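One structure is given here, and the rest of the page talks about it.
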Amino acid sequence: YKSYAQVGMTRQGTSVANREANGPKCIVTGGAGTMTVSYNGETYYVCCTGCRDAFMAEPEKFIAKAKAPP
(Lines give C-alpha, C1' and ligand atoms only; values in the text may rest on other atoms or scores of the structure.)
Protein backbone atom coordinates (compact mmCIF):
# COMPACT_ATOMS: atom_id res chain seq x y z
CA TYR A 1 0.00 0.00 0.00
CA LYS A 2 1.11 3.54 -0.73
CA SER A 3 -0.21 6.72 0.88
CA TYR A 4 -1.78 9.26 -1.45
CA ALA A 5 -2.32 11.84 1.29
CA GLN A 6 -1.30 14.88 -0.73
CA VAL A 7 -3.91 14.24 -3.40
CA GLY A 8 -6.71 13.28 -1.04
CA MET A 9 -6.21 16.09 1.46
CA THR A 10 -6.02 19.22 -0.63
CA ARG A 11 -8.62 21.67 0.55
CA GLN A 12 -11.19 22.44 -2.14
CA GLY A 13 -10.66 25.91 -3.58
CA THR A 14 -6.99 26.18 -2.65
CA SER A 15 -3.91 25.50 -4.69
CA VAL A 16 -1.16 23.36 -3.25
CA ALA A 17 1.28 25.00 -5.67
CA ASN A 18 0.37 28.57 -4.66
CA ARG A 19 3.68 29.87 -3.31
CA GLU A 20 2.55 33.51 -3.34
CA ALA A 21 0.20 33.10 -0.38
CA ASN A 22 1.26 35.11 2.64
CA GLY A 23 1.37 33.51 6.03
CA PRO A 24 2.18 30.05 7.32
CA LYS A 25 2.32 27.01 5.06
CA CYS A 26 0.71 23.63 5.68
CA ILE A 27 3.45 21.19 6.70
CA VAL A 28 1.71 18.39 4.77
CA THR A 29 0.73 19.99 1.43
CA GLY A 30 2.51 23.35 1.37
CA GLY A 31 -0.81 25.17 0.98
CA ALA A 32 -2.01 27.94 3.26
CA GLY A 33 -1.80 26.90 6.91
CA THR A 34 -5.07 27.75 8.65
CA MET A 35 -4.94 25.52 11.75
CA THR A 36 -2.24 24.67 14.25
CA VAL A 37 -1.11 21.35 15.68
CA SER A 38 1.44 20.77 18.43
CA TYR A 39 4.09 18.07 18.56
CA ASN A 40 6.95 17.84 21.08
CA GLY A 41 6.28 21.38 22.25
CA GLU A 42 6.46 22.84 18.73
CA THR A 43 3.59 24.36 16.75
CA TYR A 44 3.04 23.44 13.11
CA TYR A 45 0.45 24.65 10.62
CA VAL A 46 -1.92 22.51 8.55
CA CYS A 47 -4.66 23.50 6.12
CA CYS A 48 -7.45 21.09 7.07
CA THR A 49 -8.48 18.25 9.37
CA GLY A 50 -7.26 15.69 6.83
CA CYS A 51 -3.76 17.15 6.95
CA ARG A 52 -3.98 17.39 10.74
CA ASP A 53 -4.78 13.68 10.93
CA ALA A 54 -2.02 12.76 8.46
CA PHE A 55 0.51 14.83 10.39
CA MET A 56 -0.47 13.36 13.74
CA ALA A 57 -0.21 9.82 12.32
CA GLU A 58 3.39 10.38 11.12
CA PRO A 59 4.72 13.69 12.47
CA GLU A 60 8.42 12.84 12.13
CA LYS A 61 7.95 12.10 8.42
CA PHE A 62 6.45 15.52 7.68
CA ILE A 63 8.86 17.41 9.92
CA ALA A 64 11.87 15.79 8.20
CA LYS A 65 10.39 16.53 4.79
CA ALA A 66 9.82 20.19 5.72
CA LYS A 67 13.39 20.57 7.01
CA ALA A 68 14.97 18.93 3.96
CA PRO A 69 16.66 21.32 1.53
CA PRO A 70 14.64 22.02 -1.65
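Values in this document were obtained by computation on a predicted structure and should not be read as measured data.
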For Glu60, side-chain hydrogen bond (donor to acceptor under 3.5 Å, both in side chains) partners two or more places apart:
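For Glu60, the residues satisfying side-chain hydrogen bond (donor to acceptor under 3.5 Å, both in side chains) (neighbours in sequence not counted) are Tyr39.
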
What distance do Cys26 atom SG and Arg52 atom CZ have between them, rounded to the nearest 0.5 Å?
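Nearest 0.5 Å value for the SG-CZ distance: 12.0 Å.
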
Using the ring pair (Phe, Tyr, Trp, His ring centres under 6.0 Å) criterion, which residues pair with Phe55? Sequence neighbours excluded.
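Partners of Phe55 by the ring pair (Phe, Tyr, Trp, His ring centres under 6.0 Å) criterion, ordered by chain and then number, come out as Tyr44.
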
With hydrophobic residues grouped by side-chain heavy-atom distances under 4.5 Å, do Val37 and Ile27 end up in a single group?
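Both belong to a single hydrophobic cluster.
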
Could you see if Tyr45 belongs to whatever hydrophobic cluster contains Phe62? Use Ile, Leu, Val, Met, Phe, Trp, Tyr and a side-chain cutoff under 4.5 Å.
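Each belongs to a different hydrophobic cluster.
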
For Thr34 and Cys47, which heavy atoms make the closest approach, and how far apart are they?
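Closest heavy-atom pair between Thr34 and Cys47: OG1-O, 3.1 Å.
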
